[in-house]
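Numbers for residues simply follow the sequence, beginning at 1.
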Amino acid sequence: QVQLVESGGGLAQAGDSLRLSCSASGRTFSPYGLGWFRQAPGKEREFVATINAGGGRTSYGDFVKGRFTISRDNAKNTMYLQMNSLKPEDTAVYYCAIGRHSGVMTYRHSYNYWGQGTQVTVSS
């Protein structure tokens, strides 16, 4: 039984910052790459950020690069997404996920465990 729970979502104004957290239970994610995705109304789920098992390599989606930072704390079995300079276009449900291998992964099919999502709403 693997469970991932996101937290930290909510309302923000343009230019503000939010930090999302994702805690996992039932599985130690230290050997695996991790990722964040988001889905806005009427759109497909979009890649946001990924980090490899060792934490030394990251990759970001084009629309968030330079503003968002992914990190992980293996001791706490928790991953984070620091979101700065938020824009209304960032409004979406954000999902965390555990990957199938140790590297960075930018495609949804590379992940086998998903959280239920947390809503982020950014007003102008």
Side-chain angles (χ1 to χ4, degrees):
Q1 185 177 1
V2 178
Q3 184 177 19
L4 287 78
V5 180
E6 299 96 338
S7 63
L11 302 176
Q13 296 182 8
D16 286 353
S17 297
L18 284 175
R19 187 184 69 169
L20 305 183
S21 299
C22 173
S23 296
S25 61
R27 182 185 182 94
T28 297
F29 63 46
S30 58
Y32 303 101
L34 307 173
W36 287 94
F37 289 75
R38 69 186 185 186
Q39 188 166 20
K43 296 185 177 180
E44 296 293 320
R45 193 166 298 188
E46 177 185 40
F47 167 71
V48 174
T50 182
I51 185 169
N52 72 335
R57 183 180 177 187
T58 59
S59 184
Y60 296 91
D62 291 341
F63 296 116
V64 305
K65 189 175 299 182
R67 298 188 296 119
F68 291 7
T69 303
I70 186 172
S71 61
R72 62 191 297 162
D73 187 336
N74 289 341
K76 296 181 179 179
N77 225 37
T78 301
M79 59 188 293
Y80 307 93
L81 183 68
Q82 178 66 45
M83 304 185 294
N84 297 328
S85 301
L86 283 166
K87 303 176 180 180
E89 305 92 275
D90 296 320
T91 296
V93 177
Y94 284 72
Y95 301 88
C96 63
I98 301 175
R100 300 180 185 274
H101 58 80
S102 63
V104 293
M105 292 159 281
T106 60
Y107 300 106
R108 288 189 294 169
H109 65 79
S110 298
Y111 295 87
N112 52 2
Y113 298 104
W114 293 83
Q116 65 182 5
T118 185
Q119 177 71 47
V120 173
T121 302
V122 184
S123 63
S124 59

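Separation of atoms CZ (Arg108) and CD (Glu44) is listed at 5.5 Å; rounding is to 0.5 Å. Going from atom CG of Leu86 over to atom OG of Ser124 covers 13.0 Å, rounded to the nearest 0.5 Å. Atom CZ of Phe68 and atom CD of Gln82 lie 9.5 Å apart (nearest 0.5 Å). Taken to the nearest 0.5 Å, the CZ atom of Arg19 stands 8.0 Å off from the OG atom of Ser71. Separating the NE2 atom in His101 from the CG atom in Asn112 is a distance of 10.0 Å, to the nearest 0.5 Å.
Crowding of Gln116 atom CD: a count of heavy atoms from other residues, nucleotides or ligands under 6.0 Å not exceeding 12. Other residues, nucleotides and ligands contribute over 12 non-hydrogen atoms within 6.0 Å of the CZ atom of Arg100.
The backbone N or O of Asn52 sits nowhere less than 3.5 Å from a side-chain atom of Arg57 that would complete a donor-acceptor pair. Put simply, the side chain of Asn77 gets close to the backbone of Ala24: a donor and an acceptor are under 3.5 Å apart. A donor-acceptor pair is defined here as one N or O able to donate and one able to accept, closer than 3.5 Å; such a pair exists between the side chain of Thr91 and the backbone of Val122. At least one donor-acceptor pair under 3.5 Å links the side chain of Glu6 to the backbone N or O of Gly117.
At least one side-chain heavy atom of Leu20 sits under 4.5 Å from a side-chain heavy atom of Val120. Under the 4.5 Å side-chain criterion, counting only non-hydrogen atoms from C-beta, Ser23 is not in contact with Lys76. With contacts defined as side-chain heavy-atom distances shorter than 4.5 Å, the pair Phe37/Thr106 does not qualify. The closest side-chain heavy-atom distance from Ile98 to Met79 is not below 4.5 Å.
Proximity of the aromatic rings of Phe29 and Tyr113 is defined here by a centroid distance below 6.0 angstrom, and this criterion is not met.
Residue Leu4 is not grouped with residue Val93 when hydrophobic side chains (ILVMFWY) are merged at heavy-atom distances under 4.5 angstrom, including chains of intermediate members. Hydrophobic clustering places Tyr94 together with Val64 (ILVMFWY residues linked when any side-chain heavy atoms are closer than 4.5 Å, directly or through intermediates). Linking Ile, Leu, Val, Met, Phe, Trp and Tyr residues whenever their side-chain heavy atoms come within less than 4.5 Å leaves Val104 and Ile51 in two separate clusters. Hydrophobic clustering (side-chain heavy atoms under 4.5 Å, transitive across Ile, Leu, Val, Met, Phe, Trp, Tyr) groups Val2 together with Trp36. Under the 4.5 Å side-chain contact rule for hydrophobic residues, Leu81 and Leu18 share a cluster.
Gln39 approaches Ala92 most closely through the heavy-atom pair O-CB, 3.4 Å. Scanning both residues, Ser85 and Asp90, for their nearest heavy atoms gives O-OD2, 4.4 Å. Phe47 approaches Ser59 most closely through the heavy-atom pair CZ-O, 3.4 Å. A pairwise comparison of heavy atoms in Ala14 and Pro88 identifies CB-CD, 4.2 Å as the closest pair.
None of Tyr111, Tyr107, Tyr60 except one satisfies the side chain to side chain donor-acceptor pair (under 3.5 Å) rule with Thr50; the exception is Tyr111.
Ring-plane geometry between Tyr95 and Trp114 is classed as perpendicular, the angle between the planes exceeding 60 degrees on a 0 to 90 degree scale with a lower cut at 30.
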